[in-house]
Amino acid sequence: MSETDVGLSALPEGWVWTTLDEISQPPQYGWTTSAKNRGKLRLLRTTDITSGYINWETVPFCQTEPDDVEKYLLKDGDIVISRSGSVGYSHLIKEPDQAIFASYLIRFRPVIIDELFLSYFLKSSVYWRAISESKLGIAVQNVNATKLRKISLPIAPLPEQHRIVAKIEELFTKLDAGKEELLQAKARLKRYRQSVLKAAMDGKLTEDWRKKQGDEIEPASVLLERILKDRREKWEAEQLEQMSAKGKMPKDDKWKNKYKEPPGPDTSRLPDLPKGWVWVTLPQIGELNRGKSKHRPRNASFLYGGQYPFVQTGDIKQANGLIGHYNQTYSEEGLKQSRLWPAGTLCITIAANIADTAILGFDACFPDSVVGFLPEIGHCNIRFVEFFLRTAKDDLEQYAPATAQKNINLGTLKGLAIPFPPLAEQNVITEEIDRHLSVADAVEAIVDAELKRSDALRQSILKQAFSGKLVPQDPNDEPAKKLLARIKKEKAKLETEQKAKRKTKKQLALFEH
């Protein structure tokens with residue numbers, strides 16, 4: 001790899017291109033074992049390094065330990081690189097606990113050079129471009145030690161490496177402080193949104209509005225009675241139509257007793273609501289049913305590729321309240337084993353991402369991992385219900401079993417108690433929520449832009465560092481070419497010492513037997 005391959009200008013005098021292999025001891029794969037709650041040695045995994053910070057308190061212990069613990073024991077200055085999962089992520093080990101590293105990590109141990117210099121290189125766009133060219137496979141991307149050791153990097157004279165590291169840390173400290181302030185701003189915006197939704201569902205957001213209305217607004221209890229009456233009459237009309245089609249008209253009204261009134265919520269432990277509000281369940285104010293998608297045979301190609309949108313849990317999670325896009329469609333055959341829900345249906349996920357919600361912006365099908373709610377037309381503002389479910393999300397997740405695939409069921413949603421204001425107040429509440437949240441969204445867009453700018457500045461600093469433009473060169477520094485020669489000698493010395501240790505261990509093992 002050359003300077004032009006990675007977008008760097010020509011290297012300064014005294015610098016050279018080298019490889020990870022030339023400046024490190026031979027790479028080593030970690031120990032193949034599983035984790036458990038307690039033990040003697042901690043087991044560092046890929047998931048423990050991806051945040052950029054290792055919390056040793058959360059790193060699990062080894063299920064089994066290698067016979068040669070010393071071979072896998074992490075030492076200060078080691079660099080581990082993930083070879084699968086979060087491919088290419090690296091971490092410089094500092095003051096480790098008694099720990100070894102798992103098999104999906106590869107250890108590189110730098111020789112003589114400044115390990116922070118190498119660590120920062122492994123976070124630069126130069127390195128990531130090399131990694132992207134080294135990934136293998138499609139389903140699971142990965143790199144191996146053979147490819148990692150061939151990755152090229154520019155090496156400065158050792159004193160200049162120290163100066164570069166010091167400058168990077170100075171600049172990154174300032175960037176980190178700014179980034180922390182931005183992240184705190186995002187956290188405050190999240191709390192603000194939650195407080196707006198809570199105030200809306202407590203009735204505090206429209207408290208002044210209610211006072212101005214006095215007794216002119218129809219109470220929600222009257223609205224609920226009308227909804228329930230309309231639904232019963234609709235059911236009776238459907239039943240009569242079915243009986244008429246079969247030529248079996250009823251002799252009396254006993255058949256009406258078969259109607260099952262949707263149960264209301266248990267209000268014994270619920271707080272009082274504002275005047276005019278009432279507690280309801282979703283089945284009382286609309287239809288609540290699981291999506292339908294048999295997928296038999298599973299994922300058969302003939303079910304897909306038609307004109308009918310097929311919405312999945314990921315589409316709902318990314319929708320921010322309104323589903324305007326989809327990534328899959330059903331064919332006519334796909335539609336036959338599913339159901340086409342109308343635009344305006346509230347979608348609620350009950351598997352994978354628990355209780356994510358969004359409203360369909362178009363007619364669509366969805367699988368049984370999604371529940372659809374259709375309110376009685378003209379009697380309920382569906383966006384009010386969607387906003388309420390956002391506030392109830394954490395409580396709903398508590399109903400999910402502690403399994404690998406968390407889920408809640410239809411019964412959980414059927415029994416959920418929902419505060420139900422008069423229809424006019426529902427409309428005012430959604431308008432007020434929109435007004436407050438749109439301000440928060442605008443501010444967050446600015447914060448996100450600044451976070452991206454911070455990341456771009458970080459990469460710009462690293463590019464300057466590894467182009468030799470971040471700090472001045474000193475002609476008195478030992479050239480990197482001579483440094484590489486010293487590294488080569490040191491590596492040979494270390495290899496000789498390691499061979500001697502292995503020989504001694506082997507002899508001791510024979511003696512013990």
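Fair warning: this is a prediction, and the values are worked out from it, not measured in the lab.
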Exercise. Taking it one step at a time, do L470 and L462 satisfy side chain to side chain contact (heavy atoms under 4.5 Å, CB included)?
Worked result: CA-CA 8 Å; L470 191 62; L462 292 176; over 6 Å; no
For this session: Among Q498, E495, R107, K491, find the residue that satisfies the side-chain hydrogen bond (donor to acceptor under 3.5 Å, both in side chains) test when tested with Q25.
Result: Q498
Side chains of [X] and [Y], heavy atoms from C-beta outward: is any pair under 4.5 Å?
| X | Y | result |
| --- | --- | --- |
| L389 | L416 | yes |
| W15 | I155 | no |
| L205 | H436 | yes |
| T50 | T46 | yes |
| I323 | I316 | yes |
| L153 | Y127 | no |
| L175 | I461 | yes |
| K179 | R458 | yes |

Measure across [X] and [Y] and return the closest heavy-atom pair with its distance rounded to 0.1 Å.
| X | Y | answer |
| --- | --- | --- |
| I106 | A145 | CD1-N, 3.5 Å |
| I382 | I359 | CG2-CD1, 3.8 Å |
| I79 | S119 | CD1-N, 4.1 Å |
| G30 | Y72 | C-CE2, 3.8 Å |
| L118 | S24 | CD2-OG, 4.5 Å |
| S338 | C365 | OG-CB, 3.4 Å |

[X] side, atom [atom1]; [Y] side, atom [atom2] - distance, nearest 0.5 Å:
| X | Y | atom1 | atom2 | answer |
| --- | --- | --- | --- | --- |
| K481 | L483 | NZ | CG | 13.0 Å |
| I168 | K123 | CD1 | NZ | 10.5 Å |
| L41 | E65 | CG | CD | 4.0 Å |
| L437 | F387 | CG | CZ | 6.0 Å |
| L346 | L360 | CG | CG | 9.0 Å |
| I164 | Q464 | CD1 | CD | 11.0 Å |

Check whether any side-chain N or O of [X] sits under 3.5 Å from a backbone N or O of [Y] as a donor-acceptor pair, and report yes or no.
| X | Y | answer |
| --- | --- | --- |
| R163 | P472 | yes |
| D21 | K150 | no |
| D78 | K75 | yes |
| N144 | K147 | yes |
| K393 | I354 | yes |
| S82 | S84 | yes |
| T313 | T349 | no |
| R42 | I100 | no |
| Q161 | F117 | no |
| S86 | Y89 | no |

For this session: Decide yes or no on salt bridge (Lys or Arg N to Asp or Glu O under 4.0 Å) for K488 and E22, but give the supporting numbers first.
Result: CA-CA 7 Å; K488 186 176 181 179; E22 288 182 306; over 6 Å; no
Exercise. Given D368 and K292, is the salt bridge (Lys or Arg N to Asp or Glu O under 4.0 Å) satisfied, shown in steps?
Worked result: CA-CA 5 Å; D368 58 7; K292 185 180 178 184; over 6 Å; no
For this session: In plain terms, say whether R193 and D441 are close enough for a salt bridge, that is, a side-chain N and a carboxylate O under 4.0 Å apart.
Result: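 Looking at R193 and D441, the cut-off is met.
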Problem set entry | K452 and D448: CA distance, side-chain angles, deciding distance, salt bridge (Lys or Arg N to Asp or Glu O under 4.0 Å) verdict | CA-CA 6 Å; K452 287 183 179 179; D448 287 338; over 6 Å; no
Exercise. Can you say whether the rings of Y330 and Y304 are parallel (under 30°), tilted (30 to 60°) or perpendicular (over 60°)?
Worked result: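 Answer is tilted, since the angle falls between 30° and 60°.
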Exercise. Using 30° and 60° as the class limits, which term best fits the ring planes of F121 and F466: parallel, tilted or perpendicular?
Worked result: perpendicular
Problem set entry | Full working for salt bridge (Lys or Arg N to Asp or Glu O under 4.0 Å) between K186 and E444 | CA-CA 7 Å; K186 282 181 72 75; E444 186 159 37; 2.8 Å; yes
With a 6.0 Å cut-off on ring centres, are [X] and [Y] close enough?
| X | Y | result |
| --- | --- | --- |
| F172 | Y120 | yes |
| Y326 | F362 | yes |
| F366 | W341 | yes |

For [X], I'd like to know if atom [atom1] has over 12 heavy atoms of other residues, nucleotides or ligands within 6.0 Å.
| X | atom1 | value |
| --- | --- | --- |
| Y104 | OH | no |
| R453 | CZ | no |
| K94 | NZ | yes |
| E497 | CD | yes |

Exercise. Under the side chain to side chain donor-acceptor pair (under 3.5 Å) criterion, do D176 and T173 qualify, and how do the steps go?
Worked result: CA-CA 5 Å; D176 288 342; T173 297; 5.5 Å; no
Is there a donor in the side chain of [X] and an acceptor in the side chain of [Y], or the other way round, less than 3.5 Å apart?
| X | Y | value |
| --- | --- | --- |
| N409 | T412 | yes |
| E13 | Q473 | no |
| E386 | T357 | yes |

For this session: Output, in order, the C-alpha distance, side-chain angles, deciding distance and verdict of side chain to side chain contact (heavy atoms under 4.5 Å, CB included) for V126 and W128.
Result: CA-CA 6 Å; V126 181; W128 281 109; over 6 Å; no
For this session: With side chain to side chain contact (heavy atoms under 4.5 Å, CB included) as the test, would you mind laying out the steps for I433 and T430 before giving the verdict?
Result: CA-CA 5 Å; I433 291 175; T430 56; 5.6 Å; no
For this session: Dump the intermediate steps for side chain to side chain contact (heavy atoms under 4.5 Å, CB included) on F310 and T329, then the final yes or no.
Result: CA-CA 5 Å; F310 178 56; T329 60; 5.6 Å; no
